[in-house]
Amino acid sequence: MLQVGNPGFSFNESLAHFMAWAVVAAPLMISADIHHSIDHESLSILSAKEIIAIDQDRLGEQGIRVSAPNATGAECWARNLTDGGVAALLLARFAPNVTAEVRCFWADMWLGDDTAMMVRDTWTRHDLGECRTSFGAELSGHS
């Protein structure tokens with residue numbers, strides 16, 4: 001059950017939790033009381049349409065971890081989508097006070113090494129441009 005909106009999770013932890021559930025195609029069942037205890041930030045996460053669309057993609061294929069945690073605790077998860085795209089989750093399992101680059105490689109996600117992919121941040125709803133071989137981002141821990 002989703003813990004977004006319950007006490008004890010930071011914003012980054014809540015967002016990572018929600019995105020992880022979407023990538024693994026899990027049912028999105030909310031455990032927080034939407035009418036009384038949920039804050040605006042949590043509600044924004046729970047209503048992120050592009051992330052919900054990934055979770056509910058008709059292909060129904062469950063995402064998997066495609067790269068084992070590296071020395072910092074960074075890892076990548078991915079899942080194929082109906083439109084031929086791939087949803088990827090950059091996950092920073094390292095300590096919250098640490099910032100590091102997390103990178104996903106196309107070869108790990110069933111794509112050719114030199115494939116050009118248009119990358120989109122589904123949380124901010126911004127296209128990040130075309131990338132070849134991989135995509136990475138600076139993340140703080142627990143995000």
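Atom set for the values below is all heavy atoms of this structure, side chains included, hydrogens, waters and symmetry mates excluded.
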A.B. asks: How close do His17 and Gln3 get, heavy atom to heavy atom, and via which atoms?
C.D. replies: NE2-N, 3.1 Å

A.B. asks: Could you check whether any side-chain heavy atom of Trp106 comes within less than 4.5 Å of a side-chain heavy atom of Asp114, counting everything from C-beta outward?
C.D. replies: no

A.B. asks: Tell me every residue that passes side chain to side chain contact (heavy atoms under 4.5 Å, CB included) with Met118, counting only those two or more places apart in sequence or in another chain.
C.D. replies: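 Scan of Met118 (side chain to side chain contact (heavy atoms under 4.5 Å, CB included), adjacent residues dropped) gives Glu130.
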
A.B. asks: Below 4.5 Å, heavy atoms only, C-beta onward: do Asp55 and Phe18 meet side chain to side chain?
C.D. replies: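 Side chain of Asp55 against side chain of Phe18, heavy atoms only: no contact under 4.5 Å found.
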
A.B. asks: Would you indicate whether the side-chain heavy atoms of Met19 and Trp123 approach each other to under 4.5 Å?
C.D. replies: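 Of all side-chain heavy-atom pairs linking Met19 with Trp123, at least one is under 4.5 Å.
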
A.B. asks: Decide yes or no for Val66 and Trp110: does some side-chain heavy atom of the first lie under 4.5 Å from some side-chain heavy atom of the second?
C.D. replies: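 They are in contact (side-chain heavy atoms under 4.5 Å apart), so the answer is yes.
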
A.B. asks: Group every Ile, Leu, Val, Met, Phe, Trp and Tyr by side-chain heavy-atom contacts under 4.5 Å, then state whether Val119 and Val86 land in the same group.
C.D. replies: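 Val119 and Val86: one cluster.
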
A.B. asks: Give every residue pair that meets the disulfide (SG to SG under 2.5 Å) criterion with at least one member in residues 108-143, sequence neighbours excluded.
C.D. replies: none

A.B. asks: If you count heavy atoms of other groups shown closer than 6.0 angstrom to CZ of Arg125, is the number above 12?
C.D. replies: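 12 or below, so no.
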
A.B. asks: Could you walk me through whether Leu91 and Val102 satisfy the side chain to side chain contact (heavy atoms under 4.5 Å, CB included) test, starting with their C-alpha distance in whole Å, then the side-chain angles of each, then the deciding distance to 0.1 Å, before giving a yes or no?
C.D. replies: CA-CA 7 Å; Leu91 191 59; Val102 180; over 6 Å; no

A.B. asks: Restricting to pairs with a member in residues 41-78, which pass disulfide (SG to SG under 2.5 Å), not counting sequence neighbours?
C.D. replies: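 Every pair satisfying disulfide (SG to SG under 2.5 Å) with a residue in residues 41-78: Cys76-Cys104.
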
A.B. asks: Crowded around Arg65 CZ? As in, over 12 foreign heavy atoms under 6.0 Å?
C.D. replies: yes

A.B. asks: Let me confirm one number: the OG1-CZ distance from Thr99 to Phe94, rounded to the nearest 0.5 Å.
C.D. replies: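 Between Thr99 OG1 and Phe94 CZ, I get 7.0 Å after rounding to 0.5 Å.
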
A.B. asks: Check whether any side-chain heavy atom of Asn12 sits under 4.5 Å from a side-chain heavy atom of Pro96, and report yes or no.
C.D. replies: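 Side chain of Asn12 against side chain of Pro96, heavy atoms only: no contact under 4.5 Å found.
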
